[in-house]
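I have placed the structure first, in the form of structure tokens, so that the comments after it can refer back to it.
Naming: A, B, ... by sequence-line order, numbering from 1 per chain. Values in this document were obtained by computation on a predicted structure and should not be read as measured data.
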Amino acid sequence: DSGVTQTPKHLITATGQRVTLRCSPRSGDLSVYWYQQSLDQGLQFLIQYYNGEERAKGNILERFSAQQFPDLHSELNLSSLELGDSALYFCASSVLGQPNNEKLFFGSGTQLSVL
Amino acid sequence: GESVGLHLPTLSVQEGDNSIINCAYSNSASDYFIWYKQESGKGPQFIIDIRSNMDKRQGQRVTVLLNKTVKHLSLQIAATPPGDSAVYFCAENIIGTGGFKTIFGAGTRLFVKA
């Protein structure tokens, strides 16, 4: 158990809908990361937050947004969902979000199916 | 681009053999590299890391080698048990404005036959 909690584990929804994925980082970790894992695109970095502030951005679509709350949990909002958004979404956390010496701790993921 | 799943490179070894998984990274400015293991239904899990000022680092049963000249990483697993069957990812930390991104390679699926 990595200590990172993601809910829900599975989500089935329809095209055009909006969903929210939730992540609680490990106790003491200030930085949260979101990744998307699909069969044809591997693990794609979406976005990073550190202590409530956006730190780094990857290939995140404009239909997607995220935030980190004062209690350090994070939510990833996916809107106007398309079939191609079906994927496994991972949250990871690290202590400070600093380069060179920080490994990521991943949750078990949320499997999103858009029908 | 990256690709996993149906198109993952696969390595099949016999239980007890040594395994070597290779990875090419893209950014010559990257200075921190990590290997992760992902078992079915789980998130990636840290195995071992190495900084760019080193060319070798050893852990328990695992060794990572870094060749900066050709931008190549390898993970060596000694006496591989069936429980090591998983997908293995190398990752590099790329420093950008205000933060860093951990970018994952395509992954290699390791099958360990009992």
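Of all heavy-atom pairs spanning A:Phe45 and B:Lys101, the tightest one is CE2-CG, 3.5 Å. Summarising the geometry of B:Thr102 relative to A:Tyr35, their closest heavy-atom pair is O-OH, 2.6 Å, with the distance given to 0.1 Å. When all heavy atoms of B:Gln38 and A:Phe90 are compared, the closest pair comes out as NE2-CZ, 3.3 Å.
No single ILVMFWY cluster, assembled from side-chain heavy atoms under 4.5 Å apart, contains both B:Leu75 and B:Phe111. A continuous path of hydrophobic side-chain contacts links A:Leu43 to B:Ile34 [ILVMFWY only; heavy atoms under 4.5 Å]. Criterion: ILVMFWY side-chain heavy atoms under 4.5 Å apart, direct or through other members. Under it, A:Tyr33 and A:Leu46 are not part of a common hydrophobic cluster. Grouping the Ile, Leu, Val, Met, Phe, Trp and Tyr side chains by contacts below 4.5 angstrom, directly or via other members, places B:Val112 apart from B:Phe89. One hydrophobic cluster, built from ILVMFWY side chains closer than 4.5 Å, cannot hold both B:Ile47 and A:Phe105; they sit in different ones.
Atom CD of B:Gln60 sits in a sparse spot, with 12 or fewer heavy atoms from other residues, nucleotides or ligands closer than 6.0 Å. By the neighbour-count criterion of 12 heavy atoms within 6.0 Å, atom CD of A:Glu53 is sparsely surrounded, having that number or fewer from other residues, nucleotides or ligands. Counting heavy atoms of neighbouring residues, nucleotides and ligands inside a 6.0 Å radius, atom CG of A:Asn77 exceeds 12 of them. Under a cut-off of 6.0 angstrom, the local environment of CG in A:Leu61 is crowded, with over 12 non-hydrogen atoms contributed by other residues, nucleotides or ligands.
Only the backbone of A:Lys57 comes within contact range of chain B, judged by heavy atoms closer than 4.5 Å.
Separation of atoms CD1 (B:Ile48) and NZ (A:Lys103) is listed at 10.5 Å; rounding is to 0.5 Å. The distance from atom CZ of B:Phe46 to atom CD of A:Glu102, rounded to the nearest 0.5 Å, is 11.5 Å.
For residues 107-115 of chain A, a heavy-atom distance under 4.5 Å to chain B picks out A:Gly107, A:Ser108, given by residue number.
Without hydrogens or angle criteria, B:Tyr36 side chain to A:Leu104 main chain gives a donor-acceptor distance under 3.5 Å.
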